[in-house]
2 protein chains.
Amino acid sequence: MATKTTLKGIAEHLNLSISTVSKALADSQEISDSTKLLVKTAARQLKYRPNAMARGLKSSRTNTLGVVIPNIMHNFFAKVIVGMEEEATKNGYSLVTCISNESLEKEKQSLHMLSDVSVDAIIISLTSETQETNEIEHLKDILHYDIPLVMFDRANSDLACDSVVINDYKGAYDATAYLLKTGCRNIAFLSTLNNTSVGNKRLSGYQAALSDYDNTLVPKVVYTKLTSLENDLGTFIDNNNIDGLITTDESSAIYSMNTLRIKGKQVPEDVSVIGFTDGNLARNYFPSVTTVKQQAEIMGKKAVQIALKNLNNKEQHEPVQEVIETELVIRNSTKTI
Amino acid sequence: MATKTTLKGIAEHLNLSISTVSKALADSQEISDSTKLLVKTAARQLKYRPNAMARGLKSSRTNTLGVVIPNIMHNFFAKVIVGMEEEATKNGYSLVTCISNESLEKEKQSLHMLSDVSVDAIIISLTSETQETNEIEHLKDILHYDIPLVMFDRANSDLACDSVVINDYKGAYDATAYLLKTGCRNIAFLSTLNNTSVGNKRLSGYQAALSDYDNTLVPKVVYTKLTSLENDLGTFIDNNNIDGLITTDESSAIYSMNTLRIKGKQVPEDVSVIGFTDGNLARNYFPSVTTVKQQAEIMGKKAVQIALKNLNNKEQHEPVQEVIETELVIRNSTKTI
DNA sequence: CTGAAAGCGCTAACAG
DNA sequence: CTGTTAGCGCTTTCAG
């Protein structure tokens, strides 16, 4: 095996001092063009690559961003990561990604680890557990050490840091309004996001749309989990006559449509269905699913943009919340107007 | 803001030397129990966390693993990452993940970057471009610097390093054999993986199963891309009478079923369909899709296990290829026997 | 049992 | 224009 060439290596090779080599590679004006050329060609020949750790130790800049997401199997988060990766790479940064798996404990560990490896900033979407318990000491610690923190999607308003969120309220409002416009009057809201900021906002949007349209309409909410959805929705359907259904994520929409099918209901003839998250499933199911599209990639890019901005300008500022609008993608699981 | 406590900080706090503190925290036998206690409590109070960069610079161990995947939106890779993350965390390692986006250039950059940040080992699934061009100098460089390298799923046999792959041949063979057993005789193979190792192995399995069963059966292969699948398959169906279809990934199976529906073919009555990758789509489509399940999480875990083993035992050894068997998950897109 | 000192690879102030 | 030196935070001999 070969050992990696260091500044010292190329310095010895050329009979120069380490600092001359360092400066030459950094294109310092102190160095003559001739030696610059010399050094640079030698560096190329010897396949020199700067050691990021050593550089980071000195400059306390690592050009890495830490990311914590609750779940990578979720289409939405995967897409966010794609956006982040693209934007980070474009700016010479790389991503260290942790999966908290919806566990507060794992979230804490991840933050510790990211802090240990001196990432320049941290981007996080909170676990449901964090949002339920509102335990945020570990996040305050990060802020306390002056590591730029930006939250995305699942944010916490008690924390003095920037965030980028979806306009979940309006997304749900628009979805509900659309169903009303197509003639639905018994619209249920099925949520798998019981205690998250996101779930609450969508619920409010749904409720507001109903009462804005006709305040005699009563909201009907089903709280469930993916694992018990077919049961919960099944019994709900047995006891309630609905003609519209809004679900808080993509899989729920699909599961719901399967349940409706089993119960002998046609989609969209008997019941219109709208989901959130515009992924493969929604696009390719039969019938294809009308969906509130969250601009996941844009969100990812925005999040790293904000992180990089904060990192380059560490002055205190009021927390800024960037809101990304949704788009209702109309497909075949809803009636046409 | 507060500044992070270092060994120096807690040394000054206790009027001890830095090295004593270091040893105390490392539970060295050179240190008395009393000072150990002293140091450890102080460390906890001052929220001391070792600086991973400094430690890494000294010990040339960073406890991080670099991962390069071609595409994170693909369910299979996302699942592999979940498995890797779990196994890595369990062993005190964290993951730096890069997305090569099927681009050779990006793959090279990613490897450089991972080498720069001194990851302890690298786990990679090659881009299709890398496999097509068979350009592997950048991978040899990694080996050359004695950084343990393990390839998964999309491997290259010209490279002297361990790998873990799916038994793609047998997966396709079994799928084909199953269709034959259910009475299909005109089985087509639709591939979106034209030039990858994986695609070739699946094709061979399909061909072998056909000729093993009845060597008058002729293989029918459709090469396509997701973007043009509906067209390509559509014209193929117009010109060929098929009763079975095997696709090389999940989305292709779904797209194909949509195409078949458009062409007036019933699944599975007229045409049975089997896909690869057992994800949400396959499970929840209607009809649910019979699938060759790749044990993605297991694959991820295995890959990091191998990486960690190599990293702890850097002696040369013959490359080992771990083969993970597939499982045919029978659902409703195929006829029953 | 505790401390001093060297050095990992790099940057940057300071001399020459 | 080039070189010497100190130091980032940590580990690890080697002395005391």
Side-chain angles (χ1 to χ4, degrees), chain A residues 2-40 42-43 46-64 112-113 115-120 145-146, chain B residues 2-40 42-43 46-64 112 115-120 145-147:
Chain A
T3 141
K4 278 195 189 177
T5 43
T6 64
L7 285 187
K8 192 177 164 194
I10 104 162
E12 283 168 358
H13 183 74
L14 295 175
N15 265 312
L16 286 171
S17 77
I18 295 178
S19 58
T20 303
V21 175
S22 169
K23 287 173 192 161
L25 288 173
D27 253 328
S28 161
Q29 290 153 337
E30 299 179 13
I31 305 293
S32 73
D33 285 348
S34 54
T35 51
K36 271 186 195 173
L37 188 65
L38 216 62
V39 169
K40 285 183 182 173
L46 301 175
K47 294 195 183 186
Y48 170 74
R49 300 232 99 219
N51 180 320
M53 277 190 314
R55 182 178 278 174
L57 192 54
K58 187 87 249 237
S59 64
S60 51
R61 274 274 198 128
T62 55
N63 279 262
T64 55
H112 269 150
M113 174 257 145
S115 161
D116 290 353
V117 301
S118 310
V119 293
D120 292 340
Y145 287 125
D146 218 28
Chain B
T3 144
K4 279 194 191 178
T5 42
T6 65
L7 285 187
K8 192 176 164 196
I10 103 163
E12 282 168 359
H13 183 72
L14 295 176
N15 264 313
L16 286 171
S17 78
I18 294 178
S19 55
T20 304
V21 174
S22 171
K23 287 172 192 164
L25 289 174
D27 253 328
S28 161
Q29 289 153 337
E30 299 180 13
I31 304 293
S32 72
D33 286 348
S34 52
T35 51
K36 271 187 196 172
L37 188 66
L38 216 63
V39 169
K40 285 184 182 172
L46 300 175
K47 294 194 184 186
Y48 170 74
R49 300 231 99 219
N51 180 321
M53 278 190 312
R55 181 177 280 174
L57 191 54
K58 188 88 248 234
S59 64
S60 52
R61 276 273 198 128
T62 55
N63 280 262
T64 56
H112 269 150
S115 160
D116 290 353
V117 301
S118 310
V119 292
D120 292 339
Y145 287 126
D146 217 29
I147 302 174

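Keep in mind that what you see is a predicted model, and the values were worked out from it rather than measured. Below, read A as the first sequence line, B as the second, and so on, with proteins coming before strands; counting in each chain starts at 1.
- For A/L16 and C/dC10, the CG to P distance is 15 Å, given to the nearest whole Å.
- Per the geometry, CG belonging to A/D27 stands 15 Å off C1' belonging to D/dC1, to the nearest Å.
- D/dC10 atom C1' lies 14 Å from atom CG of B/N63, rounded to whole Å.
- Here A/S118 contributes atom OG and B/R49 contributes atom CZ; the two are 11.5 Å apart, rounded to the nearest 0.5 Å.
- At whole-Å resolution of the value, CG in A/N15 and C1' in D/dC1 are 17 Å apart.
- Straight-line distance from the CD atom of A/E30 to the C1' atom of C/dA15: 12 Å, rounded to whole Å.
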Report all interatomic pairs (protein N or O, nucleotide N or O of nucleotides 5-8 of chain D) with separations under 3.5 Å.
unit_1	atom_1	unit_2	atom_2	d
D/dG7	N2	A/K58	NZ	3.0
D/dG7	N3	A/K58	NZ	3.4

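- Within 4.0 Å (heavy atoms only), A/T35 reaches sugar-phosphate atoms of the nucleic acid but no base atom.
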Report all side-chain donor-acceptor pairs from residues 6-13 of chain A shorter than 3.5 Å, counting only partners two or more places apart or in another chain.
unit_1	atom_1	unit_2	atom_2	d
A/T6	OG1	A/K8	N	3.3
A/T6	OG1	A/G9	N	3.2

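- Here the side chain of A/K4 pairs a donor or acceptor atom with the backbone of B/S115 at under 3.5 angstrom.
- How far CG of B/L14 is from CG of B/L46: 7.5 Å, rounded to the nearest 0.5 Å.
- Within the structure, every side-chain polar atom (N or O) of B/S60 is placed at least 4.0 Å from both OP1 and OP2 of C/dC8.
- Evaluation of the side chain to side chain contact (heavy atoms under 4.5 Å, CB included) rule for B/K36 yields B/A24, B/D27, B/I31, B/D33 as partners, not counting sequence neighbours.
- Look at OH on B/Y48: it is 7 Å from C1' on D/dC10, rounded to the nearest Å.
- Put simply, B/S22 has a side-chain N or O that comes within less than 4.0 Å of OP1 or OP2 on D/dT11.
- B/T20 comes within contact range of at least one nucleobase, with a heavy-atom separation under 4.0 Å.
- Nearest heavy atom pair, residue B/L25 against residue B/Y48, reads CD1-CE2, 3.7 Å.
- At whole-Å resolution of the value, CD in A/E12 and P in C/dC10 are 12 Å apart.
- Nucleotide D/dC1 holds its P atom 13 Å from the NZ atom of A/K23, rounded to whole Å.
- An OP1 or OP2 oxygen of C/dG9 is reached within less than 4.0 angstrom by no side-chain nitrogen or oxygen of A/R55.
- B/V117 has its side chain out of reach of A/M53: every pair of non-hydrogen atoms, C-beta onward, lies at least 4.5 Å apart.
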